[in-house]
Amino acid sequence: MTHTAKSEFLKNFVARGYLHQCTDLEALDTLAGNETIIAYTGYDCTAPSLHVGHLISIMMLRLLQRSGHKPIVLIGGGTTRVGDPTGKDESRPLLTDADINANISGIRKAFERFLTFGDGPTDAIMVNNADWLDKLEYIPFLRDFGTHFTINRMLTFDSVKLRLSREQPMTFLEFNYMLLQAYDFVELNRNYNCRLQMGGSDQWGNIINGVELGRRADGSHLFGLTTPLLTLASGKKMGKSEGGAVWLNEDMLSPYDYWQYWRNTEDADVGRFLRLFTELPLAEIERLEQLGGQELNEAKKILATEATALLHGRDAAEGAAETARRTFEEGASAAGLPTIDIPQAELDEGIAAFELLRRAGLCASGGEARRLIKNRGARLNDQVIETDTAIIGADDISTDGVIKLSAGKKRHILIHPA
RNA sequence: GGAGGGGUGCCCGAGCGGUUAAAGGGGACGGGCUGUAAACCCGUUGGCUAUGCCUACGUUGGUUCGAAUCCAACCCCCUCCA
C-alpha cells in the first residue's frame, strides 16, 4: 500500500480509516481523479432494518457521493433467497418472498437519510438483484458464467473452506452464492457502467470473484475496495447496546437509544469512530481524541450527537443529547426518554412492578423482572423497588404527569397515563 | 444401500436410572469500582396471576415407583465404504 492517494475520494477514504484492501488502488485513484465513478455495495435483506454493523459501508457510500461519484445501493432480494454462507456455520433459514419484500422496504428508509437519490449523474440509485437473478435460465447461465469458475478454486475460498473444515454441511444452493454475487457485478457493469464494488473485508472473496468474472466474461477492468472489519478496542463485536441490536430504523431503536449507543463508546475507539461515523474535520477530531480521562466524555457526546444527527436529523440528535444531560447529569426524569402509554384505569387499579417492567419492554419476561428487582436493579422514580410484588399505581405519577421506570442505570422508560 | 459416531438450556459443553431446571465455560443482564468507558470483583441467567404449578435434554412409543440417562422405531447431522 505504498500508493499515496490523490483523488478527493480516496484521499479522504484513507485518511478517515475506511481502507482495508483494494484490488488496484493506483488505477482506481486515477479513475476517481478523471471521471465520475459508479460504485455499488450490496446488502442482504435478512432483517427489517440495517444496524450499526452496516453503517461503515453506508458512510462509505456517502463519502463517495460527496466526493462527486455515484453510489448504487444493491439490495440482495435475489441473493437473500440463496443465503450468503460467509462466516456462518449453519445455513440460514430460508426467508419467504413476503418477508424479503417487507425487509426491503424497511432497509430503504435508512439509506434515504445518508444518500441523495434521484436521476442526476451523481444521484444514488437503488436496485434489486432479484430483477435479474430471478429470470436467469439455468443452462445458459452455467454455460456463460459457470465456465469461468473452477470447483478447485471455489473450494479454496474461506466461506466454503471454513464450513467444510468444521464439518458443517453446505448445500449446493449456498455453494452457488458466490457465482450469483459475482454475476451481480457483471450485470451492474453492463447496465449501469458500474466499475467498483465496495464492502466489508469479509466480502473480499465475493468481491474478487465479481472483479474476475467481469474480466473473464467481458474483459472489463473492475475494482474492489473493502473496509476493515470493526471490532471494539476491547475485542468485542460492535453493535450491541443495553437491550439488543443497534438498529438504524427509528421504529426499532429510538434516536435517544441510538445516541446512547455512541455515548457509551469505549475510550480507545473514540478517535476512530469520529473519523468513520461523523463528518467533523480531521483537525477537530485530532483535538478531541487528545482529551484525557474524564474529559474524553465530551468527545463521546460530540460523537453521539454527530452520528445521531446523520441518521435521525440534527433536532433529534440535540434532543437526545439534552434528554441524556438531564437524565444523567441532573438525575431528572427528563421528557424525551422512550415513553409508553398505560391506560389510566389500569394505573388507578395498580399494576405489579414486575408486570410493569415487562410491559415497558425493560424485561423480556415476568421472571426476568422479578430477578431484576431481587438484584436491586429496578427503580421507580429513581427509588429502588424493594419487592417484586410492589404495586405501582396512580400515586406514583410524578408532578410531570409520568412515572419513570428504570432497569439498571442506563435504561429508562417513562410511563404515560392515557 | 452398509459400518461407525452424534443430536442437551441463547451458544459451546458435561451428565449416562433417583439428591437434575440439568456441572463448567462463553454470552447476556444486574450490582460494586469509575467517567453513562475499558479492565477487574460479586450476583443472576426456562415460563407462570408463584412457598406452588407448567414446560424442557431430536421425535414418538415403551421398560421402571422413578428416565436427559435403559429399550424400540423414526427424523436429522458427521465420518468412512458402495
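Quick note: numbers below take in every heavy atom, side chains included, and nothing from hydrogens, waters or symmetry partners. Chain A is the first sequence line, chain B the second, and so forth, proteins listed ahead of strands; every chain is numbered from 1.
Note on ring orientation: taking the six-membered ring where Trp is involved, the planes of A/F13 and A/Y18 are tilted (angle from 30° to 60°).
Using a 4.5 Å heavy-atom threshold, the side chains of A/L19 and A/L225 count as touching.
Contact annotation for A/K300: base contact, defined as any heavy-atom pair under 4.0 Å involving a base atom. If you check every strand for non-hydrogen atoms under 4.0 Å, A/R263 touches a base. Residue-level contact check: A/W259 touches the bases, meaning some heavy atom is under 4.0 Å from a base atom. A/A407 comes within 4.0 angstrom of sugar-phosphate atoms only, judged by non-hydrogen atoms across all strands, and of no base.
Distance A/R376 CZ to B/G31 C1': 10 Å, rounded to the nearest Å. The nearest whole Å value for the distance from the CG atom in A/N375 to the C1' atom in B/G32 is 13 Å. Following rounding to the nearest Å, A/L303 (CG) and B/A37 (P) show an atom-to-atom distance of 15 Å. Summarising the geometry, the separation between CG on A/L274 and C1' on B/A37 is reported as 14 Å, rounded to the nearest angstrom. A/R370 has its CZ atom 11 Å from the C1' atom of B/G47, to the nearest Å. Separating the NZ atom of A/K409 from the P atom of B/U34 is a distance of 10 Å, rounded to the nearest angstrom.
Nucleotide B/A72 has B/U60 as its partner under the Watson-Crick or G-U criteria, with both atom distances under 3.5 Å. The partner of B/G66 cannot be assigned: no Watson-Crick or G-U wobble pair with both contacts below 3.5 Å exists in any strand. Both distances falling under 3.5 Å, in either a Watson-Crick or a G-U wobble arrangement, place B/C10 opposite B/G26.
Mapping A/G408 and A/S234 onto RNA chain B by nearest heavy atom places A/G408 closer to the 5' end of the strand.
Of the candidates A/I56, A/L310, A/T308, A/F277 forms a side-chain contact (heavy atoms from CB on, under 4.5 Å) with just one, namely A/I56.
Salt-bridge annotation for A/R314 and A/E306: present, with a side-chain N of the basic residue lying under 4.0 Å from a carboxylate O of the acidic one.
Look at A/R371 and you won't find any side-chain N or O under 4.0 angstrom from OP1 or OP2 of B/G46.
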